[in-house]
Every structure is written in structure tokens, then in C-alpha cells.
Q: 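Would you mind keeping the following structure in view while I ask a few things?
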Amino acid sequence: MSQTNETQAVVIGAGIVGVCAALALRQAGLAVTLVDPDEPGGEQAASYGNGAFITPASIIPMSVPGLWRKVPGYLLDRDGPLTIRWRHLPRLTPWLLRFLAAGMTTARVERTAAILSGLLHDAPDRHAALAAAAEVPGLIERRGVLYVYPDRAAFAAEALSWRLRRTAGVVWRELDAAALRAFEPALSPAYGFGIHVPAAANCADPGAYVAALAAHAARLGVRRVAARATGFAFDGGRLRAVETDQGPIACNRAVVAAGMASARLAAAAGDRVPLEAERGYHVQLTGGAPGGPHLPVMPSDGKMANTVTREGLRAAGQVELAGAGAPPDWRRAEILLRHLYATWPGLARDLPVRRWMGNRPSTPDGLPVISVARRSPDVFYAFGHGHVGLAAGPKSAALVAALVTGSTPPLSPAPFAATRFRW
Ligand SMILES: Cc1cc2nc3c(=O)[nH]c(=O)nc-3n(C[C@H](O)[C@H](O)[C@H](O)COP(=O)(O)OP(=O)(O)OC[C@H]3O[C@@H](n4cnc5c(N)ncnc54)[C@H](O)[C@@H]3O)c2cc1C
């Protein structure tokens with residue numbers, strides 16, 4: 001079959017990955033339907049509440065050598081950037097063991113960083129082009145991002161991460177205390193050393209951005225259906241329809257891009273993918289936030305993004321392994337808020353604070369799943385982007401669109417195969 005309007009593709013999920021995939025498939029000439037029970041850009045999605053960083057430097061996986069030694073602390077320390085809920089530990093253990101194994105050696109981390117760099121090195125350019133095409137160029141800001149440390153020794157303690165970034169071609173400028181102050185006059189004096197990555201970008205409003213991309217897709221002819229996908233109808237291994245709670249949608253290709261819900265759909269297409277919710281939180285000071293940052297800033301001790309969005313100053317971070325369905329623990333948000341006030345001591349304390357919790361859809365090896373399904377050559381995956389889904393959305397979409405249409409992929413798909421998880 002030629003890849004034209006005869007090919008009816010359904011994209012399941014309208015987060016950043018799904019809307020980018022719908023756009024890429026439409027631009028390749030397919031008839032595309034985008035299915036999501038909720039509005040694109042809505043608060044249900046990780047794509048709404050993230051830290052808004054779009055940086056080629058985000059290539060370091062969470063699991064690094066020596067992390068396993070810290071696990072007991074994560075079970076006990078309620079104030080750190082990573083926490084594990086005791087009750088979830090029995091169900092979490094298989095994923096956790098794979099996660100720790102993925103970062104057991106420097107060689108494994110080097111491999112992961114190199115692969116992630118393939119998805120991220122041109123992310124700012126891809127987002128800028130998308131935002132321009134969707135007529136929202138102002139939503140992608142290209143002023144770089146700042147990583148701030150108490151001192152040079154704290155930066156040196158992350159030598160492996162920065163070595164891998166240098167190998168990946170990330171360029172930065174080191175800032176002593178005076179230079180850092182020139183960038184960010186309101187930053188706490190507790191930070192005396194900084195790194196500016198000028199090629200990095202940020203999104204000024206991730207929710208509005210996803211909504212704008214979905215609106216752009218609709219203008220290009222992508223059909224939108226408000227429904228929850230529940231499975232697939234196959235006929236001898238060939239796809240006939242995506243089943244939804246509103247009835248079947250006839251199609252002959254499908255892309256699963258449903259964030260945390262993707263594992264269940266992948267199971268229906270023959271693949272067991274270990275996907276865990278690395279739950280994250282944000283607090284947002286509504287209105288302008290005088291006394292806050294100008295650039296997107298990541299304080300090394302808090303492992304969070306401090307980003308000025310159009311909705312207010314946002315602190316986004318925390319990793320909570322508690323299971324996707326567990327109720328939010330808003331104490332995690334309070335940790336972010338306390339850290340935000342400490343980092344920017346001049347911030348007014350009486351601004352209204354909005355709190356949000358969402359699920360990073362995370363594989364244990366820190367790489368997304370972008371591949372064809374085991375059970376059918378017509379079902380494809382684009383999920384599991386963990387900490388980097390906003391940044392990696394456009395390149396992932398280009399890759400999955402190439403797999404669907406049989407055209408030359410923009411990077412090797414081999415590391416992203418669903419079949420890499422041997423049980
Ligand atoms: C606190 C935090 C900070 C982060 N910071 C950054 C950052 O600075 N930079 C970065 O690049 N990434 C960041 N991330 C990660 C990033 O947000 C995610 O990787 C990314 O948003 C995942 O996008 P997605 O489209 O795969 O999933 P989602 O955005 O979760 O979207 C999934 C969509 O699928 C829909 N859906 C679910 N089930 C079904 C179904 N059965 N049928 C149809 N639709 C369905 C949902 O309604 C939703 O709209 C952060 C995440 C968090 C939580």
C-alpha cells in the first residue's frame with residue numbers, strides 16, 4: 001500500500017509525543033486520527049506540568065554507578081529529590097532492579113547518554129521550527145539554561161555527567177560567582193558557580209504549546225476523537241481498528257503514545273514493557289515573580305527546574321516511586337516550594353501557589369520505546385520518555401513516522417526496540 005490517504009493512522013494519546021507523531025504522519029501524507037479522552041495540553045498529561053527544559057544536555061540517565069547504595073536512604077529520607085514509598089516496593093522491585101542494573105557501570109551510562117544524544121542534540125531547533133509552523137514561535141525561548149552549584153567542587157563531583165555531555169558535543173561556559181550574579185542577580189549567594197548551556201531552550205508554556213500543536217495538526221487535516229483507547233482489532237495479524245470506549249475506529253496503522261497508559265496497550269499488541277511512573281510535582285507562583293530567575297535554572301542540590309512560564313514561576317522536579325495510581329503526597333510539592341524560596345530569597349511569600357503532580361512514563365534503562373509491535377506490523381510505539389519527553393518529542397515523532405511509512409529513519413531505531421526487555 002502506498003503511504004497516502006489510503007493509510008489510516010490512529011495516534012493514541014495527545015501529549016507532546018502523540019501530537020508530534022500525528023503531525024509527522026500527516027505531513028508524510030497519511031490520514032490521521034488523534035485519540036485522547038482529554039484535551040491536548042490538559043493537566044492530565046506529563047506534557048503539561050514538566051520543567052519545560054529543552055536541552056541537549058539532558059542525556060544523563062537517572063541510574064548511575066553507585067546509586068544502589070543510596071536506595072535505603074531513599075526509603076527513609078522524606079526530603080530528598082528521590083523517594084520510594086514502602087508500600088509500593090514489592091511491585092516496584094523488578095523494575096527497580098533493572099533500573100539499578102542499567103546504571104551499574106560507567107560503560108552502560110556512556111551508551112545510554114550517547115543514544116539519548118541522538119534524540120536530543122537538535123531538540124531546540126526542532127521545537128523552534130514546530131512552534132513557528134504552529135504560529136506560536138514565542139513559546140520556544142532560546143536563551144540557554146543555567147546549572148548552578150554551591151561551588152566548583154560540587155560541579156567537579158558531577159565530572160562523569162559533564163564528560164559525557166562534552167563527548168556528545170554539548171558546549172557550555174563556566175561562570176564564577178561574579179559572572180553568575182550578572183546572569184541572575186536574585187540568586188541566593190549559596191550558589192557560587194554556574195554553567196550556561198547557550199544552545200538549550202525552554203518552553204514558555206508547555207500546556208499551551210501542546211494545545212497549539214494539536215490545533216495546527218487539526219488545520220492540516222488531523223481528525224480529533226475524544227475517546228479512550230482500550231485495545232486493537234486484528235485480522236490475521238493485520239490491524240483493522242483501534243478499540244475505544246466510544247466504539248472502534250477503523251484504521252490500518254496505529255501509534256501508541258499514551259504516556260503511562262501505553263504499557264497496557266502494548267501488552268494488547270504483544271509486548272511486555274516494564275513501565276513505571278516516576279511521579280513528579282510542580283509548584284507555580286502565579287503572576288509575575290519579581291526576585292526570581294530570568295533564565296531557566298537547575299540548582300544542583302534540588303534537582304529541579306526553576307522556569308518562568310507564562311502561568312508563573314514554576315519549580316518542577318522530584319522523583320516519587322509510589323505507583324501511578326497512588327494519591328499525591330503534597331509534601332513533595334512543599335519540598336519544591338521551600339527549595340524555590342531558598343534559591344530565590346527575594347521572592348514574595350504571599351503569591352498564590354498552584355500545585356501539580358504527574359507521571360513520567362519511565363522505562364528502567366532510561367530510553368523510550370520507539371518500535372513496531374511484536375503482534376502486528378501495523379502497530380507502533382512511541383512512549384517511555386521518562387525525564388526527556390518534552391525535549392525528545394519531535395525527533396521521536398520523526399523516527400516513529402519513518403518506521404510507519406518505511407522511509408529512512410533520522411537515527412537508528414535499534415536501541416528503542418520494545419523487544420529489548422527480556423523477561
Ligand atoms: C515534574 C516533571 C518535570 C519534567 N521536566 C521535563 C523537562 O524539563 N524537559 C523534558 O523534556 N521533559 C520533562 N519531563 C518529562 C516529560 O514531561 C514527559 O516525558 C513527557 O511529557 C511525556 O509525554 P507523552 O506524550 O509520552 O505522555 P503524556 O504527556 O503523559 O501524554 C499522554 C496522553 O495520553 C492520553 N491517554 C492516556 N491513556 C489513553 C488512552 N487509553 N487512550 C487515549 N489516550 C490516552 C493522556 O490523556 C495524555 O494526554 C518532566 C516530567 C515531570 C513529571
Side-chain angles (χ1 to χ4, degrees), residues 10-22 33-59 81 116 119-120 123-124 127 145 200-203 206-207 209-211 213-214 225-231 242-246 249 254-265 268 275 277-283 296 298 303-307 309 314-320 324 332-333 336 356-363 368-370 381-397:
V10 169
V11 176
I12 303 170
I16 185 67
V17 177
V19 293
C20 288
T33 302
L34 182 59
V35 180
D36 194 311
D38 293 302
E39 280 303 308
E43 295 193 17
Q44 80 286 349
S47 301
Y48 166 85
N50 55 63
F53 274 40
I54 297 171
T55 162
S58 296
I59 58 172
L116 282 178
L119 283 179
L120 292 171
H127 278 285
V145 303
N202 70 282
C203 182
Y209 181 49
V210 172
L213 294 181
V225 172
R228 183 176 301 280
T230 53
V242 167
E243 306 279 9
T244 81
D245 59 0
Q246 307 296 316
I249 303 174
V255 174
V256 177
M260 262 316 290
S262 300
R264 207 169 30 79
L265 292 161
L275 197 66
E278 284 190 68
R279 287 146 50 107
Y281 291 78
H282 84 216
V283 289
M298 178 157 301
K303 299 287 178 224
M304 68 179 77
N306 293 172
T307 310
T309 73
R314 178 181 289 187
Q318 289 284 313
V319 171
E320 182 189 41
R332 314 308 310 166
L336 294 172
W356 173 89
M357 188 276 289
N359 295 315
R360 296 182 191 87
S362 295
T363 62
V369 176
I370 306 170
Y381 304 133
F383 65 86
H385 288 77
H387 291 246
V388 297
L390 172 66
K395 189 72 164 275
S396 302

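Numbering starts at 1 and runs along the sequence shown. For ligands, and for the atoms within them, numbers begin at 1 and follow the listed sequence.
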Q: Which atoms from ligand 1 have a heavy atom of Gln44 less than 4.0 Å away?
A: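 Every atom of ligand 1 under 4.0 Å from some heavy atom of Gln44: 47 (O), 48 (C), 49 (O).
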Q: So, the side chain of Thr307 versus the backbone of Pro296: is there a donor-acceptor pair under 3.5 Å, distance only?
A: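 Such a contact is absent between Thr307 side chain and Pro296 backbone.
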Q: Under 3.5 Å, is there a donor-acceptor pair between the side chain of Asn359 and the main chain of Ala277?
A: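 The answer is no, because no donor-acceptor pair under 3.5 Å joins these two groups.
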Q: Considering only heavy atoms, does Ser262 approach ligand 1 within less than 4.0 Å through its side chain, its backbone, both, or neither?
A: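 It is neither; nothing of Ser262 touches ligand 1.
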Q: What heavy-atom pair brings Ala397 and Ala21 nearest, and what distance separates the two atoms?
A: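 It is CB-N, 3.4 Å.
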Q: Quick one: which ligand 1 atoms are inside 4.0 Å of a heavy atom on Ile12?
A: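 Listed by number with element: 42 (N), 43 (C).
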Q: Under 3.5 Å between some N or O of ligand 1 and some N or O of Leu265?
A: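 No, Leu265 has no N/O under 3.5 Å of an N/O on ligand 1.
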Q: Using a 3.5 Å cut-off on N or O atoms only, is Leu390 in polar contact with ligand 1?
A: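 It does: an N or O of Leu390 is found under 3.5 Å from an N or O of ligand 1.
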Q: Strictly distance-based, threshold 3.5 Å: is any side-chain N or O of Arg360 a donor or acceptor partner for the main-chain N or O of Glu278?
A: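 Yes: the side chain of Arg360 pairs with the backbone of Glu278.
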Q: Please list the nearest protein heavy atom to atom 33 (C) of ligand 1 with its residue and the distance rounded to 0.1 Å.
A: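 Looking at atom 33 (C) of ligand 1, the protein heavy atom closest to it is Asp36 OD2, 3.5 Å.
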Q: Is Lys303 close to Val319 at the side-chain level, that is, under 4.5 Å between some pair of heavy atoms?
A: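 Side chain of Val319 against side chain of Lys303, heavy atoms only: no contact under 4.5 Å found.
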Q: Of all the atoms in ligand 1, which lie at a distance below 4.0 Å from a heavy atom belonging to Pro37?
A: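 The atoms of ligand 1 under 4.0 Å from a heavy atom of Pro37 are 43 (C), 44 (N), 45 (C).
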Q: Would you call His282 a ligand 1 contact, heavy-atom distance under 4.0 Å?
A: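 Judged by the 4.0 Å heavy-atom criterion, His282 does not count as contacting ligand 1.
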Q: Any idea which atoms of ligand 1 are less than 4.0 Å away from a heavy-atom of Phe53?
A: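 Atoms satisfying the 4.0 Å criterion: 7 (C), 8 (O), 9 (N), 10 (C), 11 (O).
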Q: Does the structure place the NZ or CZ of Arg264 under 6.0 Å from the centre of the six-membered ring of Phe383, at an angle of no more than 45° from the ring's axis?
A: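 Relative to the ring axis of Phe383, which defines the angle, Arg264 lies outside at least one limit.
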Q: Among all protein heavy atoms in this structure, tell me which lies nearest to atom 39 (C) of ligand 1, with the distance rounded to 0.1 Å.
A: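 Going by distance alone, atom 39 (C) of ligand 1 is nearest to Ala258 CB, 3.9 Å.
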Q: Would you indicate whether the side-chain heavy atoms of Val225 and Gln246 approach each other to under 4.5 Å?
A: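 Heavy-atom side-chain distance check fails, nothing below 4.5 Å.
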Q: What protein heavy atom sits nearest atom 13 (C) of ligand 1, and how far off is it?
A: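 The answer is His387 O, 3.1 Å.
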Q: Any N or O of Arg360 that comes nearer than 3.5 Å to an N or O of ligand 1?
A: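 Checking ligand 1 against Arg360, no N or O pair falls under 3.5 Å apart.
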Q: Sub-3.5 Å donor-acceptor pair from the side chain of His127 to the main-chain atoms of Leu390, do we have one?
A: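 Yes, because the side chain of His127 sits within donor-acceptor range (under 3.5 Å) of the backbone of Leu390.
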Q: Counting each atom of ligand 1 from 1 as listed, which ones have a heavy atom of Ile16 under 4.0 Å away?
A: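 With Ile16 as reference, the close atoms of ligand 1 come out as 23 (O), 25 (O).
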Q: Gly51 to ligand 1: N or O pair under 3.5 Å?
A: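 Yes; the residue has a nitrogen or oxygen that sits under 3.5 Å from a nitrogen or oxygen of the ligand.
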Q: Take Val11 and Thr33, measure what side-chain contact (heavy atoms from CB on, under 4.5 Å) needs, and give me the verdict at the end.
A: CA-CA 6 Å; Val11 176; Thr33 302; over 6 Å; no
Q: Name the closest protein heavy atom to atom 18 (C) of ligand 1, giving the residue it belongs to and the distance to 0.1 Å.
A: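 Sorting protein heavy atoms by distance from atom 18 (C) of ligand 1 puts Gly386 O, 3.6 Å first.
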Q: Which atoms of ligand 1 have any heavy atom of Val388 under 4.0 Å away?
A: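 Numbered from 1, ligand 1 contributes 10 (C), 11 (O), 12 (N).
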Q: Ignoring angles and geometry beyond distance, decide whether Met260 reaches within less than 3.5 Å of ligand 1 through its nitrogen or oxygen atoms.
A: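 Between Met260 and ligand 1, no N or O pair is found under 3.5 Å apart.
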Q: What atoms in ligand 1 come closer than 4.0 Å to a heavy atom of Asp38?
A: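 Every atom of ligand 1 under 4.0 Å from some heavy atom of Asp38: 47 (O).
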Q: Just need the protein heavy atom nearest to atom 4 (C) of ligand 1, so name the residue and atom and give the distance.
A: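 For this ligand atom, the closest protein heavy atom is Asn50 CB, 3.2 Å.
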Q: Name the option, out of Gly231, Cys20, Gly389, that contains the heavy atom nearest to atom 20 (C) of ligand 1.
A: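 Among Gly231, Cys20, Gly389, the closest heavy atom to atom 20 (C) of ligand 1 belongs to Gly389.
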Q: Using distance alone, determine whether Ser47 and ligand 1 share an N or O pair under 3.5 Å.
A: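 In this structure, Ser47 places an N or O atom under 3.5 Å from an N or O of ligand 1.
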Q: May I ask whether Ala305 places a heavy atom under 4.0 Å from ligand 1?
A: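 It does not, in that no heavy atom of Ala305 comes within the 4.0 Å cut-off of ligand 1.
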Q: For Pro40 and Ala211, work out which heavy atoms get closest and say how close.
A: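 Minimum heavy-atom separation between Pro40 and Ala211: O-CB, 3.6 Å.
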Q: Any N/O of Pro361 closer than 3.5 Å to an N/O of ligand 1?
A: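 No, no N or O pair falls under 3.5 Å.
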Q: Say whether Tyr281 and ligand 1 are in contact under the criterion: heavy-atom distance to a ligand atom below 4.0 Å.
A: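 The answer is yes, since Tyr281 has a heavy atom less than 4.0 Å from ligand 1.
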Q: Report the member of Ala229, Ala277, Ala226 with the shortest heavy-atom distance to atom 40 (C) of ligand 1.
A: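 Shortest heavy-atom distance from atom 40 (C) of ligand 1: Ala229.
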Q: With a 4.5 Å heavy-atom cut-off, do Val35 and Val242 have their side chains touching?
A: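 SC-SC contact between Val35 and Val242 ruled out.
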Q: Are the side chains of Leu336 and Gln318 in contact, using a 4.5 Å heavy-atom criterion?
A: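 Yes, their side chains come closer than 4.5 Å.
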Q: What protein heavy atom is closest to atom 26 (O) of ligand 1, reported as residue, atom name and distance in Å?
A: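 Among all protein heavy atoms, the one nearest atom 26 (O) of ligand 1 is Val17 CG2, 3.6 Å.
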Q: For atom 27 (O) of ligand 1, what is the nearest protein heavy atom, given as residue, atom name and distance?
A: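 Among all protein heavy atoms, the one nearest atom 27 (O) of ligand 1 is Gly259 CA, 3.5 Å.
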Q: N/O of Gly18 under 3.5 Å from N/O of ligand 1, yes or no?
A: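 N/O-N/O distance below 3.5 Å does not exist for this pair.
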Q: What is the closest protein heavy atom to atom 31 (O) of ligand 1, and at what distance does it sit?
A: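 For atom 31 (O) of ligand 1, the nearest protein heavy atom comes out as Gly15 CA, 3.4 Å.
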Q: Decide yes or no for Lys395 and Leu120: does some side-chain heavy atom of the first lie under 4.5 Å from some side-chain heavy atom of the second?
A: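 No, every pair of side-chain atoms sits at 4.5 Å or beyond.
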Q: Taking only heavy atoms of Ala391 into account, list the atoms of ligand 1 that are under 4.0 Å away from them.
A: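 Selected atoms, number and element: 10 (C), 11 (O).
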Q: Hey, does Pro368 have a side-chain heavy atom less than 4.5 Å from the side chain of Leu119?
A: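 Counting from C-beta outward, Leu119 and Pro368 do come under 4.5 Å.
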Q: Would you check whether Ala46 has a nitrogen or oxygen atom less than 3.5 angstrom from a nitrogen or oxygen atom of ligand 1?
A: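 Yes: some nitrogen or oxygen of Ala46 is under 3.5 Å from one in ligand 1.
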Q: So which atom in Ala392 and which in His385 form the shortest heavy-atom distance, rounded to 0.1 Å?
A: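 Residues Ala392 and His385, closest heavy atoms: CB-CD2, 4.0 Å.
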Q: Is His282 reaching over with its side chain to a backbone N or O of Arg314, donor-acceptor style, under 3.5 angstrom?
A: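 No: the side chain of His282 does not pair with the backbone of Arg314.
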Q: Looking at side-chain heavy atoms only, is the closest gap between Ser47 and Pro206 below 4.5 Å?
A: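 Heavy-atom side-chain distance check fails, nothing below 4.5 Å.
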Q: Would you mind reporting whether Leu213 and Ile16 have side-chain heavy atoms less than 4.5 Å apart?
A: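 Yes; the side chains approach each other to less than 4.5 Å.
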